[in-house]
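Since we're looking at a predicted model, the values are computed, not measured. Each chain gets a letter, A, B and so on, in the order its sequence line appears, and its residues count up from 1.
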Amino acid sequence: MKINWFKYASPASFYFLAGRMIPFFAVLAMVLLVVGLYIGFFVAPTDFQQSEAYRIIFVHVPAAWMSMFLYMVMAFWAGIGLAFNTRLSSMVASAIAPTGAMFAFLALWTGAWWGKPMWGTWWVWDARLTSELILFFLYIGFMALQAAIDDPKRSDKAGAIIALVGVVNVPIIYFSVQWWNTLHQGASVSLVQSPKMATAMLSGMLVMSLAAWMYSIVVILVRTRLIILRRESRAAWVAELKEGGVK
Amino acid sequence: MIGWIIKRDLLLAMRRRADVLTVLFFFIIVVSLFPLGVGPEPDILRTMASGVVWVAALLAAMLSLGRMFSSDYADGTLEQMLLSPFSLAALVMGKAISHWLTTGIPLVLMAPILGLQYDLSGEALLVLTLSLLLGTPVLSLIGAIGAALTLGLRGGGVLVSILVLPLYIPVLIFGTGAVEASRAGMEVGAYFSILGAFLLVAIVFSPWVTAASLRVSMN
């Protein structure tokens with residue numbers, strides 16, 4: 001069977017595809033969230049050093065991962081949009097930015113809540129915290145630039161350039177705990193080593209990360225649909241949609 | 001080509017000296033405000049000096065970014081430059097160099113005098129000046145990207161700060177880190193190496209990215 005991959009590169013067909021995908025991922029996100037929170041709060045053992053306060057890990061770590069990962073995805077799609085002039089990829093990129101910024105903010109804020117009982121302070125200027133803060137600023141800059149430009153074509157391209165320039169920050173955050181020996185604890189999970197934490201803790205964290213992924217997919221699809229509607233408001237199929245035609 | 005554009009921009013800057021001097025005096029005034037704000041204890045001032053001078057340099061560089069392309073954009077010169085057969089990246093490089101010569105160099109020259117206000121030792125002053133000498137061209141080069149992207153936008157001046165300041169942070173960290181290390185009696189070579197690496201990466205990528213940004217903005 002030959003699949004026509006380019007079919008869904010058109011905003012109109014993607015709109016309907018996304019509409020069918022959203023409920024599926026939404027249910028998945030809810031289930032994973034409930035399971036993850038259950039493991040996190042009831043199954044995972046109390047940490048012998050950090051007692052109960054460590055449980056914020058189940059929100060903090062997935063949020064931090066997502067903030068970095070979404071930036072890469074955003075820059076990737078923005079770059080594709082810039083290189084191949086595909087409108088949909090630029091729309092997806094701008095749909096990702098608010099979710100990425102939300103996760104970056106969440107990572108910083110839950111980090112502060114974790115830092116207060118563990119380190120006795122809400123904030124330290126260590127390498128990882130500072131670079132995560134820069135990541136948050138980069139998201140804000142991307143959104144501010146796109147918001148300031150009225151012409152969608154120019155706004156897509158300008159956003160893509162600034163997103164790609166900001167990519168240099170992501171490896172810096174990722175490796176910051178290895179490069180600089182600071183207050184933030186080193187990575188607890190690694191692909192090449194056996195995990196340094198209890199299985200229940202690890203599985204809770206992974207399930208919560210999957211939930212964060214699914215949530216991001218849902219929100220990004222919904223936002224992309226809205227962006228498509230706004231940009232294509234003069235297209236014929238949108239007019240048909242308004243009259244209650246095809247769904 | 002680069003030489004020609006530098007000569008032209010410097011000539012324009014000489015004709016409008018007030019623009020260059022405004023940036024320099026902004027820098028001097030901001031640096032001089034801190035002792036008034038936080039109190040004149042020499043110990044505090046010595047610890048703050050590098051950070052204050054560097055942050056003021058960042059702000060001053062940013063303040064002058066708008067001028068890099070805007071007057072050429074307004075009178076149509078930029079459009080002619082885009083149409084010309086010369087390499088746009090080289091043109092941008094020339095513009096960044098002349099921006100650095102008119103705003104970066106005065107700051108570097110002024111820094112030791114301002115450092116004296118903060119009771120810095122001779123060696124720390126030297127390190128501060130050298131770190132600015134390596135770091136300010138990076139500011140001009142990164143800033144060129146922001147200036148090109150915000151060309152002709154409403155509220156472009158504020159926007160450029162949101163875009164560019166986060167990208168300036170690494171330069172700030174290692175620039176001030178060098179001065180702190182020298183005050184603590186440690187080796188500063190590593191900091192200068194990293195600043196030099198920033199400069200090289202910026203020289204390679206920034207003109208190219210800025211040229212692409214200009215094409216996007218001019219369409």
Side-chain angles (χ1 to χ4, degrees), chain A residues 67 71 75 78-79 81-83 85 90 97 100-101 104 108 124-173 175-176 179-180 182, chain B residues 51 55 58 62 66 69 89 92 138 141-174 176-177 180 190-191 194 197-198 200-202 204-219:
Chain A
S67 67
Y71 193 90
L82 185 68
N85 222 347
S90 305
L108 289 167
V124 279
W125 289 99
D126 94 335
R128 176 155 277 188
L129 274 64
T130 312
S131 47
E132 180 76 20
L133 186 67
I134 300 176
L135 183 70
F136 178 63
F137 291 155
L138 291 176
Y139 276 120
I140 299 292
F142 176 84
M143 290 193 282
L145 181 64
Q146 290 215 316
I149 305 175
D150 294 324
D151 173 26
K153 248 195 173 148
R154 183 180 165 189
S155 120
D156 282 347
K157 288 182 177 170
I161 289 174
I162 204 72
L164 287 171
V165 170
V167 165
V168 285
N169 188 45
V170 177
I172 296 180
I173 309 177
F175 293 110
S176 57
W179 290 348
W180 290 280
T182 47
Chain B
V55 170
L58 253 58
M62 202 194 68
F69 300 112
V92 166
V138 185
L141 285 163
I142 296 177
I145 302 173
L149 283 175
T150 54
L151 198 57
L153 294 181
R154 65 192 135 78
V158 188
L159 194 58
V160 91
S161 63
I162 294 182
L163 292 182
V164 161
L165 283 180
L167 300 173
Y168 278 177
I169 294 174
V171 184
L172 170 73
I173 290 175
F174 290 100
T176 53
E180 290 310 307
Y191 291 93
I194 291 180
F198 284 155
L200 291 178
V201 171
V204 173
F205 286 106
S206 159
W208 180 64
V209 177
T210 311
S213 311
L214 277 180
R215 289 225 167 79
V216 167
S217 294
M218 300 291 290
N219 201 11

Gap between atom [atom2] of [Y] and atom [atom1] of [X] - 0.5 Å precision:
X	Y	atom1	atom2	result
B:Leu165	A:Ile134	CG	CD1	11.0 Å
B:Thr150	A:Ile162	OG1	CD1	9.0 Å
A:Ile149	B:Ser217	CD1	OG	6.5 Å
B:Leu149	A:Ile161	CG	CD1	5.5 Å

Going by the side chain to side chain contact (heavy atoms under 4.5 Å, CB included) test, name the single residue among B:Val160, B:Leu153, B:Ile162 that passes it with A:Leu145. B:Leu153
Residue from B:Ile145, B:Val216, B:Ile142 scoring the most non-hydrogen pairs under 4.5 Å with chain A is B:Val216
Closest contact, heavy atoms only, B:Leu163 versus A:Gly141: CD2-O, 3.3 Å
